[in-house]
Amino acid sequence: MYSSKSEVPSRAPVTVPDLLKMKHAGRRIVCVTAYDASFARVMDRAGVDVVLVGDSLGMVVQGHTSTLPVSLRDVCYHSAAVARGLASTLLMADLPFQTYASPAQAHASATLLMAEGGASMVKLEGAGVILDSIHYLSERDIPVCAHLGLTPQSVTQLGGFKVQGRDDIAAEKLRRQALEVQQAGASLLVLECIPAALAGEITEALTIPTIGIGAGPLCDGQVLVMHDLLGLAGRSRRPRFVKNFLQGRDSVEDAFLAYATDVREGRFPAAEHIYE
Ligand code: KIV
């Protein structure tokens, strides 16, 4: 049974080292995207561990067809709003497209998101040339979450929003990149839309936690876009990994509680949400 809101105990703030402890304790990390203070407040009350101000805001809030038009100012504005709604949940914010092309640019962008946007961690996509930026930030006490697999900022290069890592060469590249981002200093890794078995192997091989979206149940935690979780995204075709947790429930808070419970108890993602 899902606990009701009155049963949710007050919590100590979730810190970056707590995420590592959760991996080692086998306690799954619950993450959702948020873009404003009101929803953030409800997520905090529901016991969500990490809230991500994702550049998905370009699609679900601004109505674009990709995340590419999102600016650093946009993320900073939404991050500051979300920060005002949170008491204990850790706040992570996305570095938008081309705002971390060099270590110096990444440093300036991340500093803005932390100093003005109230973020405790920044997320960036890719490996390769991005490794220098990950290293530069983490060496300067800016916690970094890396993001591999389907990286939406590379949608033009990838030719669409497609599952990644399905053939041997692509899978091997992802395994290597995951080790590289960890070695560069990332504290967390989002794996998006890759086969569940591959995500499990990567999670096993890393000392840092992984958070999956369309990456199966073997990751150390899960993230969903809030609008998908609430059945609001209005997509013509719903991706396989999405589940509407509001269906059959009468409050947004109950939907977040159900998601958190299902992630923690290993009920989400289920077989029907997984790529092979
Ligand atoms: O922008 C975003 O919301 C994200 C999540 C899908 C992981 O990057």
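Note that the structure is a prediction, hence the values are computed from the model and not measured. Atoms within a ligand are numbered from 1 in the order they appear, just like the ligands themselves.
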Checklist entry - With His135, which residues qualify under ring-ring contact (aromatic ring centres under 6.0 Å, His included), at least two apart? => result none
Checklist entry - What are the two closest heavy atoms between Glu180 and Ala127, and how far apart are they? => result OE1-CB, 4.4 Å
Item to check | Residue pair Cys219 / Gln222: nearest heavy atoms and the distance that separates them | outcome: CB-NE2, 4.1 Å
Item to check | Cation over ring face, Arg249 and Phe245, 6.0 Å, 45° | outcome: no
Measure and list all N/O to N/O distances between ligand 1 and the protein that fall under 3.5 angstrom.
residue	atom	partner	partner atom	Å
ligand 1	1 (O)	Asp55	N	3.2
ligand 1	1 (O)	Asp55	OD1	3.0
ligand 1	1 (O)	Ser56	N	3.0
ligand 1	1 (O)	Ser56	OG	3.4
ligand 1	1 (O)	Asp94	OD2	3.1
ligand 1	3 (O)	Ser56	OG	2.5
ligand 1	8 (O)	Lys123	NZ	2.8

Checklist entry - So, for His227 and Tyr35, is the gap between ring centers shorter than 6.0 Å? => result yes
Checklist entry - Does a side-chain N-to-carboxylate-O contact under 4.0 Å join Arg41 and Asp44? => result no
